[in-house]
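Excluded from the calculations below are hydrogen atoms, water molecules and symmetry mates; all remaining heavy atoms, backbone and side chain alike, are included. Computed from a predicted model, the values in this text were never measured in an experiment. Both counts, for ligands and for their atoms, begin at 1 and track the order of listing.
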Amino acid sequence: MYILGIETSCDETAASVVTRDSDGLPQLLSNVVLSQIDEHSEFGGVVPEIAARAHLSALDQIINRALDEAHLGLSRIDGIGVTSGPGLVGGLMVGLMTAKALSASRNIPYLDVNHLEGHALTARLTDNVAYPYLLLLVSGGHSQIVRVDGLGTYTRLATTIDDAVGEAFDKTAKLLGLGFPGGPNVEKAAKKGDADRFRFPMPLRGQQTLNMSFSGLKTAIRTQAQKLVPLSGQDVADLCASMQKTVAEILANRCQRAMEQCEGIDILVVAGGVASNSEIRQRLDELCVQHDYSLIAPPLELCTDNAAMIAWAALERFEQGEKSEMNLAPRSRWPLDGSTESVIGSGRKGAKV
Ligand code: KG4
Ligand code: ZN
């Protein structure tokens, strides 16, 4: 089965083709991602209207490139997977309409995919990880710890009660004049910094909840930065390093408590853009060694948004005989675990301006 994936939920226009090889192992045949960073950088965040127009003008070419790189024509595609939420509705609409048009004109079944499910299943594509596993999903719009027991069986153990982790990185970068998107710039600056110079708060630590909170961290960094004005390059580096260390510590602390609650699981998968941060990966790696867990961290290009994860989630669902109807609409909110109450960060993904 050759599956074409389409992703347009935020500021990456992406298409990909995946399949299984003759032994049933996952195979990534192409993975094309066009980032819109340049279009949004002067605004310091993603502007929904600009994003939707940019997806519209690029998507056809990106799909053609994904097919070319996979050495397949559209006639060889057995199914299309497309992100239909959560995300910015304008962008989602572009992807969804394109998938429906291809499906109707070429008589190819299509499936709408939850973007968060794409992140959640990436490790099955890259490392053929078996269920069950713990998932730490950390990106620009969501921060969650989820127990993954099977396709569609997700139990949210923790979420953020305010900002997402990626948002904390983006806002810290903006505050320190490091530009957008913040995460990679904060990580770069932190390399030259002293992570022990500042001690920032770790909200909710010691409380019963596994939930996370990051908005206080942003305020603490602002307060500290204001005391130091004018900031030297070293001050900025030290603030970034201390912030990054605090985030890594918060995430490790919450994952540790989740591990303690989850008997019978010994795999921790990280996913989402923030999972590409090497300090965070290293801290989680130490935690996993201590607890006899294996840490599975997908390659960096499959941590940030991409269509390979969408194609893969669709492939798993097509294999179960699922397909979507033509009257389907995009959803700006779509929590992975539908049984949980609505909290910011649980199923929201979108504009950061
Ligand atoms: O998963 P993703 O590409 O898009 C969403 O679904 O949101 O994640 C983007 C987020 C941004 O907030 C970005 O600043 C953050 O991931 N990010 C990082 C790093 N690379 C991307 N955060 C920390 N360190 C990084 N190296
Ligand atoms: Zn994402």
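A side-chain donor from one of D162 and S213 sits under 3.5 Å from a side-chain acceptor of the other. Remark: the T122 side chain and the H119 side chain contain no N/O donor-acceptor pair separated by less than 3.5 Å. Using modelled atom types, one finds no donor on one side chain facing an acceptor on the other under 3.5 Å when comparing T19 with Q27.
Distances from the Zn ion (ligand 2) to the N/O/S atoms of D305 are shortest for OD1.
Taking a cutoff of 4.0 Å between a charged side-chain nitrogen and a carboxylate oxygen, R53 and E49 do not qualify as a salt bridge. Of the charged side-chain nitrogens involved, at least one lies within less than 4.0 Å of a carboxylate oxygen, so that E286 and R283 count as a salt-bridged pair. With salt bridges taken as basic N to acidic carboxylate O contacts below 4.0 Å, one links D238 and R197.
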Apply side-chain contact (heavy atoms from CB on, under 4.5 Å) to the pair L72 and L4, showing each step before the final yes or no. CA-CA 10 Å; L72 293 171; L4 170 69; over 6 Å; no
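Listed by atom number, the atoms of ligand 1 under 4.0 Å from G273 heavy atoms are 1 (O), 2 (P), 8 (O), 16 (O), 17 (N), 18 (C), 19 (C), 20 (N), 21 (C). Within ligand 1, the atoms closer than 4.0 Å to a non-hydrogen atom of G166 are 12 (O), numbered from 1 in the order shown. Annotation for ligand 1: atoms under 4.0 Å from non-hydrogen atoms of G141 are 7 (O). Those atoms of ligand 1 that come under 4.0 Å of a heavy atom in H115, given as number and element, are 6 (O). If you number the atoms of ligand 1 from 1 as listed, the ones under 4.0 Å from a heavy atom of H119 come out as 1 (O), 6 (O).
At least one N/O/S atom of H115, from backbone or side chain, sits under 2.8 Å from the Zn ion (ligand 2). For H119, the nearest N, O or S atom to the Zn ion (ligand 2) falls under 2.8 Å.
Geometrically, ligand 1 and D305 share a nitrogen or oxygen pair separated by less than 3.5 Å. Between T304 and ligand 1, not a single N/O pair is under 3.5 Å apart. Below 3.5 Å of separation, one finds an N or O of G140 facing an N or O of ligand 1. Residue contacts with ligand 1: G272 is placed with no nitrogen or oxygen under 3.5 Å of a nitrogen or oxygen of the ligand (distance criterion only). Any N or O atom pair closer than 3.5 Å counts here, and E167 shares no such pair with ligand 1.
Residues forming a side-chain hydrogen bond (donor to acceptor under 3.5 Å, both in side chains) with Q261 (at least two apart in sequence, or on another chain): none.
By the 6.0 Å contact criterion, CD on Q282 is open, its count of non-hydrogen atoms from other residues, nucleotides or ligands being 12 or less. A 6.0 Å sphere centred on CD of E263 holds no more than 12 heavy atoms belonging to other residues, nucleotides or ligands.
Taking a 4.0 Å cut-off on heavy atoms, Q244 fails to register as neighbouring ligand 1.
Here the shortest heavy-atom distance to atom 12 (O) of ligand 1, taken over D170, V165, V46, belongs to D170.
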